[in-house]
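Read the structure below first, then the notes.
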Number of protein chains: 2
Amino acid sequence: MKPIIQNISKIISLTPEEETLFLSKIETKYFKAKTILLSSGEICKEGYFVNSGLLRSFNINDNIVEHVLSFACEGWWIGDMYSLLSQKRGNLFIEVLEDSEVEVLSKENQEQLYLEIPKLERFFRILIENSLIANQERLMDNLSLTAEERFEKFCKKHPTLVQKVPQKQIASFIGVTPEFFSKMKSKMLRK
Amino acid sequence: MKPIIQNISKIISLTPEEETLFLSKIETKYFKAKTILLSSGEICKEGYFVNSGLLRSFNINDNIVEHVLSFACEGWWIGDMYSLLSQKRGNLFIEVLEDSEVEVLSKENQEQLYLEIPKLERFFRILIENSLIANQERLMDNLSLTAEERFEKFCKKHPTLVQKVPQKQIASFIGVTPEFFSKMKSKMLRK
DNA sequence: AAAGTCACTTAATGTAGGTTAAGAAATTAT
DNA sequence: ATAATTTCTTAACCTACATTAAGTGACTTT
């Protein structure tokens, strides 16, 4: 069974016909590392489900500083929610960090699927609820924890990512500069 | 027409029967300022839609420092998403800041409504999508803007709230101490 | 109206994390 | 393999914001 179907089946159950219909609306694509799937200023027309590999979304501040909004590895969805929904120009980049196999679901097909398989409203509602919860927690963590504590939490929560992701991007995700992150890390090791 | 029905009608259309059914599942309540609707450590059993007045959700760090997650005034929904969804103990408080009139939707009734009016899946999906987008933006702002810039953005986005909410809670929302906020504000006025 | 609490201000001092810069190590490209 | 680019480290110095503390005014409570 395709990972994306497994992913959906964890939350709602699809009939074989619905599965087929769903699969007809997505497209499997392969991307090389460093491919930019979406740039700031563009309108996001599709969402991505990662079969294998690793993507990230980030923005760039004052044309200099990158801030990572999210990573997505196997079994995760990624997109620019703001732009995808509003169909206005967003300010996120979506980049492939490792050679990846990805299911592409266009905005258009997603809307059609909502009509053809109303159950999918439920699936995506729950998917987004979970995303919101994670985001709220991250927000509160940024307000109340030190960089060290945030890093520890990140390690516990995403042990695989810590191995795969370049260190400067973990720094960006938890909200510190690469220089400070490096200093902090070596300080933590010394304990 | 009840504000909560207006709120829903902006996104989906309900038949008169569906409206009646929906209304039968919510309860209008009146709360005095300072009422605590939910405490940290409790399981959140209901969501709130504000007809009038003002609520907030926040957590408390190390039994000392409060961090405001969100405000909700007229026309806004509020709840502890994490606890509401997982039915586990959350760490948020929900407090009434001004005497308020509120529509209460229990978790139980909400689940029933999803079955009886599947369109509501769509409504809440979109509601939560918007909430996620706002959260993501706030997260990125916290990573990339100064306190001053965050405050300016807050003022533009929520001009009514700036008038109503105690200053120390705006400070908490944008992520600084009340002391620093006070200093910052007087510095901004001097310009 | 007095007393107490709470919200806000101001100021001195402290610190987590930023900036700049330069070199070392690791990847990538030729 | 070598050069080129990128990532990581270290260190000196800097700043946005936190902490502590003390004082003022406003709102509650009795």
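The chains referred to below are lettered A, B, ... by the order of the sequence lines, with proteins before strands, and numbering in each begins at 1.
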Taking [atom1] from [X] and [atom2] from [N], how many angstroms apart are they, rounded to a whole number?
X: A:Lys168; N: D:dT10; atom1: NZ; atom2: P; result: 18 Å
X: A:Leu143; N: C:dA16; atom1: CG; atom2: C1'; result: 16 Å
X: A:Ile64; N: C:dG18; atom1: CD1; atom2: P; result: 15 Å
X: A:Gln167; N: C:dA26; atom1: CD; atom2: P; result: 12 Å
X: B:Lys34; N: D:dT28; atom1: NZ; atom2: C1'; result: 7 Å
X: B:Glu179; N: C:dT10; atom1: CD; atom2: P; result: 13 Å
X: B:Leu97; N: C:dC6; atom1: CG; atom2: P; result: 15 Å
X: B:Leu189; N: C:dT10; atom1: CG; atom2: C1'; result: 15 Å

Distance below 4.0 Å between B:Lys185 side-chain N/O and C:dT9 OP1 or OP2: yes
field: Passing candidate, side chain to side chain donor-acceptor pair (under 3.5 Å) with A:Tyr114, options A:Glu116, A:Gln110, A:Glu111
entry: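 Per the side chain to side chain donor-acceptor pair (under 3.5 Å) rule, the option paired with A:Tyr114 is A:Gln110, out of A:Glu116, A:Gln110, A:Glu111.
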message: Parallel, tilted or perpendicular, judged at 30° and 60°: which one describes the rings of B:Phe31 and B:Tyr48?
response: perpendicular
query: Distance from B:Lys88 atom NZ to B:Asp80 atom CG, nearest 0.5 Å?
result: 12.5 Å
- prompt: Are B:Leu113 and B:Phe49 in one and the same hydrophobic cluster, where Ile, Leu, Val, Met, Phe, Trp and Tyr link if side-chain heavy atoms are under 4.5 Å apart?
  reply: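 Result: yes, single cluster for both.
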Test: B:Arg125 and B:Glu129 ion pair at under 4.0 Å: yes
- request: Answer whether the closest heavy-atom distance between the side chains of B:Asn7 and B:Trp77 falls below 4.5 Å.
  value: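 Sidechains of B:Trp77 and B:Asn7: in contact.
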- request: Assign each of B:Gln169 and A:Val65 to its nearest nucleotide of DNA chain C by heavy atoms, then name whichever residue's nucleotide is nearer the 5' end.
  value: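 Whichever sits nearer the 5' end wins; that is B:Gln169.
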Tabulated below should be each protein N or O lying under 3.5 Å from an N or O of nucleotides 14-17 of chain D; please produce it.
| residue | atom | partner | partner atom | Å |
| --- | --- | --- | --- | --- |
| D:dC17 | OP1 | B:Ala147 | N | 3.2 |

